[in-house]
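Beneath this line is the structure, given in C-alpha cells, with notes to follow.
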Amino acid sequence: MKFTNLVNSALIITSIAFIPRIAGAQTVNTNSGGGQINTNINSNTLRKNSTDTKYLQPFNIAFLAYQGYLKNQGIPSGGTLLFKYQTGYLTAKDVVQAAIRANKLPAQILNDQSYVNAVELQMRAFGDINDSQ
C-alpha cells in the first residue's frame with residue numbers, strides 16, 4: 001500500500017514538473033493546411049501516427065484536462081472531471097474534441113480510434129489512482 005502511494009506521488013510530481021511545457025505547447029499550426037506542429041516541446045510528449053504527423057500523447061491530453069487547461073472548452077478539472085467521466089456525463093472523445101478546439105490536437109485525430117481508446121485508458125487510470133487514495 002505504501003509503495004503504491006510512493007509510485008503515485010512520484011508520477012504526480014513528475015507530471016507537475018512537465019506540465020508547463022506541455023500546456024504551453026502550441027501543437028497545431030493552423031496557418032498551414034498540413035496540420036503540422038511546433039516541435040519546440042519535449043519529444044517525449046509527442047506521438048507519431050502512420051502519416052508521420054506528431055501530436056501530444058494521450059496521457060498528456062488527459063492530464064491537461066485534469067489540470068484544467070481545457071476548461072475554456074467546457075471540460076471540468078480535477079475531481080469534477082473524474083466524477084463526470086465515471087458517471088458517463090463526459091467521455092474520452094469529449095476530452096479529445098476539447099483538445100482539438102484548444103489547438104492541442106489536429107482534427108483528424110478523432111478518426112484514430114486507438115488514440116481515443118488510449119485517452120480513455122488514461123482517464124480510467126486517473127480515476128483508479130484517485131479511488132485508491
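Side-chain contact between Q73 and L70: present, with at least one pair of heavy atoms (C-beta onward) separated by less than 4.5 Å. The side-chain heavy atoms of Y69 and K104, taken from C-beta on, include no pair separated by under 4.5 Å. Under the 4.5 Å side-chain criterion, counting only non-hydrogen atoms from C-beta, P76 is in contact with K84.
For Q97, the side chain to side chain contact (heavy atoms under 4.5 Å, CB included) test picks out K93, D94, R101, L110, with sequence neighbours left out.
In this model, no donor atom of one side chain and acceptor atom of the other lie less than 3.5 Å apart for D112 and Q108. Y115 and E120 are not linked by any side-chain donor-acceptor pair at a separation below 3.5 angstrom, with hydrogens and angles left out of the test.
Here the closest non-hydrogen pair linking L81 and A65 is CD2-C, 3.8 Å.
Taken to the nearest 0.5 Å, the OH atom of Y89 stands 7.0 Å off from the CZ atom of F83. Considering CD1 of I75 and CD1 of I61, their distance stands at 11.5 Å, rounded to 0.5 Å. In this structure, CE in M123 is found 10.5 Å from OH in Y66, a value given to the nearest 0.5 Å. With rounding to the nearest 0.5 Å, the separation of CG in L64 from OG in S77 is 12.0 Å.
Judged by distance alone, with hydrogens and angles left aside, the side-chain atoms of N60 form no donor-acceptor pair with the main-chain N or O of L56 at under 3.5 Å.
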